[in-house]
2 protein chains.
Amino acid sequence: MSVSVKDVAALAGVSVGTVSNVMNRPEKVSAVVAARVQSAIDDLGFVRNDAARQLRARRSKTIGMIVLDVRNPFFTDLARAAEDRAARDGLSIILGNSDEKAERESTYLDLFEEQRMHGVLISPFGDMTDRLHRLRERGIPAVLVDRTSTDDAFSSVSVDDVAGGNLAVDHLISQGRTSIAFVGGPLGIRQVVDRLEGARAAAAGHPEVSLEVIITGALSVIEGRAAGNAILARPAGDRPDAVFAANDLIAMGVLQALNMQGQLHVPRDIALIGYDDIDFASAAVVPLSSIRQPTALLGQTAVQILLEEAADPALAARQVVFQPELVVRESTFSPDRAAARPNLPESSLER
Amino acid sequence: MSVSVKDVAALAGVSVGTVSNVMNRPEKVSAVVAARVQSAIDDLGFVRNDAARQLRARRSKTIGMIVLDVRNPFFTDLARAAEDRAARDGLSIILGNSDEKAERESTYLDLFEEQRMHGVLISPFGDMTDRLHRLRERGIPAVLVDRTSTDDAFSSVSVDDVAGGNLAVDHLISQGRTSIAFVGGPLGIRQVVDRLEGARAAAAGHPEVSLEVIITGALSVIEGRAAGNAILARPAGDRPDAVFAANDLIAMGVLQALNMQGQLHVPRDIALIGYDDIDFASAAVVPLSSIRQPTALLGQTAVQILLEEAADPALAARQVVFQPELVVRESTFSPDRAAARPNLPESSLER
DNA sequence: CTGAATCGTTGAATCGTTTTAAGAACGGGT
DNA sequence: ACCCGTTCTTAAAACGATTCAACGATTCAG
């Protein structure tokens, strides 16, 4: 039924050790023997049993990755970049979706530990510090993605979310907006907290600007829609004139709610800016201004660091922080208002 | 460094066999011994080595799944449903993204074979029949998802795409449209071909209706946008008055292109219907009419069948086909035109 | 022509779990 | 006291690839 190295060895008339060498250190084997073994492999359709290989090697050739939401294009882009980088070293990535639930996150970590993964990339939701320490003791390094480590014990690769929040609100203010609502949540997610902090810092420098906070239950289109409807339900004088959404999914939900009733116009009545700059952002009802993160770079760097730590466990933890970038589209672009504080040339309007 | 059953056995003062029994057949072990073993496990922080377990069991506890595009919400929904169903039987799912590339698809199949997966769920792009036969000979069953099998040798779970295409075009015709463009591709994807076939069948019954076919390189927003721009570039008299997109991503791209220039209005000038009914569809510039598939049911059923085949390899292949459903939103709703052929009550307009 | 170095190959040991046949302990009935 | 039938527990044999010390065959320097 199943063909093993033993069968290959028998057919090729060599020992199992040689078969292994043909596959793993070809330079140790003479060309003629290698050819004989190779054709035996082909004839029998031999496929190496990864479980046996891992058992002997004491670690897997797979990297486990946990993200907050696979349906968020930001994370799939991230995963894809990580996958490409890992493939260069012959490793594969398995992707787990925590769905912003600590329990699911924990289940994946259990799975990864059982599988003796080569390493773990995680965009943590709950506080997994203890779990990660334990994994490391077991020889499985972890790198935090899109999040700075709370205790500097682990390497992390992230984007400066405080700066991003700052960029977003600064931009809204420069467009003449003074009553700004931050929409996002839950506050258990570090990115949300940081972006809010950046927003607060930006608003703090302007006494005429007020910043209101609307907490959502998750970073999804649905939750954004609910928040948008809540805003819509308020009396006209009581509505913000700008919304900074914690990510693009929220922003799209808000946009949908505001726009659908046809009463309010974005950006005329309410300016809207999101975060992540996912593909869908530019395809929205009104092309969405957003904060772009260097996603591919983030993913590649995370894998790079993980591999280095896997090779040398004694390596010190590193914190890599990238800077986000403002992308202006129609959802915040109002020439009339901006004229008051012109700090964005029209040419920076991106499609 | 690593703690094994041996260490647990030593600490608990029993043999390794007993430790294994505590974990896998608790009923074979006396309560007092079980408790002693359990506390040894906890004290040492023992975590079972899955590679060794698999090696012994000769098959993994993981199901491999390959989809055409992880960034398409339809597939992530599908994967999520499969995952939930698999978890009920203590199995996990690893998700591979073929990105509509035969080479990537093949790479994942190699990986799955090396890992001696419990089974494979695949939404095939290229012709993988030979590969799948080989997997089955090796004891790894496969179920085709969202695709009927070409040779009935494998079970499949799918939605009737011909019926879906029919529904879509029928609906457009009922709205008074006569010059319809099908946008989608490549034709290597069965779903695309089937939807087109359904579209043709629907159009065939109406001599006054013409159906034009625009092939895209992939089922993505970008490709849809390109197709939309191509339509826009044509002289006014030469444009279709309705577009049936092979999926919602394409539809969103088309919508974006048509809408952005502000020259054409959807649905007034061109009606637009997509396929899959992803969450984003209702969040689009103009809420998108679409063909909805019973995604969760699809995923669950696929896993169910896979598990049955894994348990009994002699089982005959089954083809399960679900029926799609029309969801009407604004992108195809034009009361004035529809009046000519009223077959859709206004109440069926869905938000 | 010899001894050493080089090269390719071998065979056995190893990784950690599960499984199975056999053995030990225990109690009840005679 | 002995036998028998349960329960529990044990020891050893898989599973399949990798690795490493050892070995035989060549080649080469002296």
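All figures in this text were calculated on a predicted structure; none of them were measured in a lab. Here is the naming used below: chain letters follow the sequence lines, and residue numbers restart at 1 for every chain.
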B:Arg104 and A:Glu83: side chain to side chain contact (heavy atoms under 4.5 Å, CB included), yes or no, with the steps?
CA-CA 12 Å; B:Arg104 281 179 62 88; A:Glu83 192 181 339; 2.9 Å; yes
Nearest-angstrom distance from the residue atom [atom1] of [X] to [atom2] of [N]:
| X | N | atom1 | atom2 | result |
| --- | --- | --- | --- | --- |
| A:Gln115 | C:dC15 | CD | P | 21 Å |
| B:Leu55 | C:dT19 | CG | P | 13 Å |
| B:Gln54 | D:dA14 | CD | C1' | 17 Å |
| A:Leu44 | D:dA17 | CG | P | 12 Å |
| A:Arg48 | D:dT18 | CZ | C1' | 11 Å |
| B:Lys28 | D:dT9 | NZ | P | 12 Å |
| B:Arg116 | C:dT17 | CZ | P | 21 Å |
| A:Asp7 | D:dC15 | CG | C1' | 13 Å |

Could you give me the CA-CA distance, side-chain angles and deciding distance for A:Arg85 and A:Thr301, then say whether side chain to side chain contact (heavy atoms under 4.5 Å, CB included) is met?
CA-CA 9 Å; A:Arg85 175 65 189 79; A:Thr301 310; over 6 Å; no
Set out, in order, the CA-CA distance, both residues' side-chain angles and the distance that settles side chain to side chain contact (heavy atoms under 4.5 Å, CB included) for B:Asp110 and B:Phe112, then state yes or no.
CA-CA 5 Å; B:Asp110 286 343; B:Phe112 292 170; over 6 Å; no
Upstream residue (5' side of DNA chain C) when A:Val32 and B:Asn21 are each assigned their closest nucleotide:
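Of the two residues, A:Val32 wins.
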Which is true for [X] with a 4.0 Å heavy-atom rule: it touches a base, it touches only sugar-phosphate, or it touches nothing?
| X | answer |
| --- | --- |
| B:Val19 | nothing |
| B:Ser30 | sugar-phosphate |
| A:Asp50 | nothing |
| B:Ser4 | sugar-phosphate |

Let me know, please, whether B:Ala57 or B:Val16 comes out on the 5' side of the other along DNA chain D by nearest nucleotide.
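The residue closer to the strand's 5' end, by nearest nucleotide, is B:Val16.
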Identify which nucleotide among C:dT17, C:dC15, D:dT18 has an atom closest to any side-chain atom of A:Arg58, counting heavy atoms from C-beta outward.
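Ranking C:dT17, C:dC15, D:dT18 by closest atom to the A:Arg58 side chain puts C:dC15 first.
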Of the nucleotides D:dT10, C:dC15, D:dT18, which one has an atom closest to the side chain of B:Ser15?
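Nearest listed nucleotide: D:dT10.
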[X] side chain near [N] phosphate (N/O to OP1/OP2, under 4.0 Å):
| X | N | answer |
| --- | --- | --- |
| A:Ser20 | D:dA17 | no |
| A:Asn49 | D:dA17 | no |
| A:Arg53 | D:dT18 | yes |
| B:Arg56 | D:dG16 | no |
| B:Arg59 | D:dC15 | no |
| B:Arg25 | C:dT19 | yes |

Evaluate the side chain to side chain contact (heavy atoms under 4.5 Å, CB included) criterion for residues A:Leu121 and A:Ile63: first the C-alpha distance (whole Å), next the side-chain angles of each, then the deciding distance (0.1 Å), finally the verdict.
CA-CA 7 Å; A:Leu121 296 177; A:Ile63 293 171; 4.1 Å; yes
Check A:Glu114 with B:Lys61, please: is the shortest side-chain N to carboxylate O separation under 4.0 Å?
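A:Glu114 and B:Lys61: not salt-bridged.
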Heavy atoms only: give me the nearest A:Arg116-B:Val3 pair and the separation to one decimal.
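Result for this residue pair: NH2-O, 4.4 Å.
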